[in-house]
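Here's the structure, in structure tokens; my notes come after.
Because the structure is predicted, anything quoted here is derived from the model rather than measured. Quick note: numbers below take in every heavy atom, side chains included, and nothing from hydrogens, waters or symmetry partners. Numbering of ligands and ligand atoms starts at 1, following listing order.
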Amino acid sequence: MKLIFFVLLLIFSLQNVKAQFDGNTTPTYEELIEIYEKLDAENDEIELYQMGQADYGLPIYVCIINGAQDSIASFEKARNSTTLLINNAIHPGEPDGVNASLIWINNWIKKGKKTEKLPVIAIIPAYNVGGMMTRGSSSRANQEGPEQYGFRGNAKNLDLNRDFIKMDSKNMFAFAKIYHALDPDVFIDTHVSNGADYQYTISHIASVRERMAPDLGQLMHEELIPHLENCMAKNDFDLIPYVNQKGETPEEGIVVFNDLPRYAMGYASLMNAMSFTIETHMLKPFPQRVQATLHFLEGAISWMSLHQPEIELARKEALHWEENMEYYPFNFKASEKKDSILFKGYAFSHPISGLTGLKRLKYHRDQPYEKYIPYYNEYLAQDSTFIPDYYIVQSQCEDVIEKLDANNISMRRIEEKGTILLGRYKILRFESPKKPYEGHFLHSKIEKEISLIYKEFKPGDVIISTHQKNKRFIISVLEPDTPDSYFAWNSFDSYVQQKEYFSSYVFEDKALEILEKNENLRLEFEKKKANDTEFANSARAQLTFIYERSEFYEPSHNYLPVYSGMEE
Ligand SMILES: [Zn+2]
């Protein structure tokens, strides 16, 4: 009796959840996985796989539609054909994609599960499992529904959408496994936006075109995005680039978002996927946002169905483009060059606040406008670095080697020691914040110096060729001065700390001896003393100047355990 009751309750609750995909509720993690397990059990064309653990201790799944009904064969099919990867609930307070994906699957089943020309569709039902578990109704203070939803931080209170390079979460190791098993052509990360008020229900961030392979950039920006705009318009939704405001309101212009590799979409862009973050607007009701997300997914799928040969060709050409790249451009910044874009906004004013007695910003929804606003859509690289044939990472950097390995980077362990001419990296300058950001003191304004030395390497050190897939990923993490390098994310902090010092009262006499024996150094020292008052007034600074130029100063200070080399 108890069992029958339980089964009935389960059936009832499943139907109940099913009926509510397009209402104002979103499933819990347990409900969601139950739904996907049921879809997997009832449909040959739908497969569900556990791909690793989240920090919370529960699995992260990927659902594959139109695979090959076998895990190895399905991933192989995905890698070798046109594949879409949709990532949901990286921010579980923004669950629009969770519901939209379920509606898309239900509609597809209802329409007869057609697979002809359909790309392989992979869906991560819920990426931030820990955040899904912290459910409530108030953490998204400015958002219109759903009734209950998860929290942004994961079990370790990390924002997983900043974790794609530093990989502090187990979630990201699972994601890397999913990502490289599929090698998707198009990637969509689903979100809900904060920020200004305007008429649009949905906006998108696309891969920065200037960073993409030319043919792939053209395909995405001149064909895929216009197709998406048309599809959305047919369903009465306008699509606008993400409203990344230059000033207080959109009227001052919007700037294309810089999709750095720390973000899900930036990571996918770096791997030559046509990559999107979609952002529905927080002040639109949840069911409406879910519909907009659904139509975006439908648009992407319909375009991919129509253009598989072009997509495959452009992706292949992207690999050639990457292979031929001699310099890696980085530190991209939006230029001051303005384009304009038709924008549907709301008029605004600055009345006096009844609360603070100060001016406040108020949008007037009863005064919609449609006009051209400035659009800053040109990105320029501020720096570039020469690409070596290979890197050597010393064996003690286990965490770095583990991350490279998790990203499918092939490398070779050195078996016998030897000496070779290598580029050695010295960190000259960098800045760090006073407070941690996502568990790190992320360095910026990094300056490096590369010098050639004959370096002895040891068994266990690894050689990483840059003549392989995902070349730009390798460079962007190992060249220390790029904005999302492993150095920037603190993997090599111990190397920029001096380990030995001197006592001034002892070193005084030695310093004098050093100057007596080194005429050039003495002249350099005297010149600095004459020209630099602060230096002239600091005994410690003067002694440090001589110490750092003497044999007593440790030769390893500020040098990284990473080297670069050229094939002969
Ligand atoms: Zn988000």
Side-chain angles (χ1 to χ4, degrees), residues 26-27 29 32 54-55 60 85-101 123-146 148-166 168-169 171-172 175 187-198 200-207 239-245 254-269 275-286 288-290 292-294 296-297 300 437-439 484:
T26 190
Y29 172 82
L32 185 63
D55 282 338
I60 292 174
L85 173 61
I86 301 164
N87 188 34
N88 291 319
I90 190 170
H91 293 153
E94 307 165 16
D96 304 19
V98 171
N99 286 42
S101 297
I123 299 169
I124 299 175
Y127 178 54
N128 180 352
V129 177
M132 290 286 283
M133 293 300 175
T134 315
R135 220 167 137 89
S137 306
S138 53
S139 68
R140 297 281 297 167
N142 302 325
Q143 189 172 296
E144 286 297 321
Q148 286 207 320
Y149 45 80
F151 181 61
R152 189 179 186 96
N154 87 333
K156 282 181 166 173
N157 205 33
L158 293 168
D159 182 338
L160 294 181
N161 203 22
R162 310 289 183 270
D163 193 43
F164 283 75
I165 295 300
K166 62 187 175 69
D168 288 334
S169 66
N171 303 55
M172 183 50 207
F175 185 92
F187 172 71
I188 301 173
D189 200 31
T190 61
H191 290 255
V192 183
S193 173
N194 298 320
D197 199 4
Y198 44 76
Y200 301 91
T201 304
I202 187 167
S203 64
H204 70 83
I205 308 173
S207 306
L239 187 61
I240 185 88
Y242 180 57
V243 185
N244 185 29
Q245 295 163 212
I254 55 182
V255 187
V256 165
F257 187 84
N258 190 5
D259 62 333
L260 289 171
R262 73 188 66 167
Y263 306 111
M265 74 159 302
Y267 174 86
S269 295
S275 184
F276 290 102
T277 296
I278 51 174
E279 299 269 5
T280 57
H281 190 246
M282 61 184 176
L283 296 175
K284 308 298 184 292
F286 180 64
Q288 183 180 326
R289 293 183 346 235
V290 169
T293 304
L294 172 66
F296 190 96
L297 300 182
Y437 168 71
E438 291 302 317
D484 274 341

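Arg140 has a carboxylate O that lies under 4.0 Å from a charged side-chain N of Glu94, or vice versa, which qualifies the two as a salt bridge. For Asp159 and Arg152, the salt-bridge test passes: some basic side-chain N is under 4.0 Å from an acidic carboxylate O.
Distance check for Glu279 against the Zn ion (ligand 1): none of its N/O/S atoms falls below 2.8 Å.
In this structure Tyr127 satisfies the ring-ring contact (aromatic ring centres under 6.0 Å, His included) test together with Phe175, sequence neighbours excluded. For Phe151, there are no ring-ring contact (aromatic ring centres under 6.0 Å, His included) partners at least two apart in sequence or on another chain.
The N, O or S atom of Glu94 with the smallest distance to the Zn ion (ligand 1) is OE1. If you look at His91 and ask which of its N, O or S atoms sits nearest the Zn ion (ligand 1), the answer is ND1. Restricting His191 to its N/O/S atoms, the shortest distance to the Zn ion (ligand 1) is reached by ND1.
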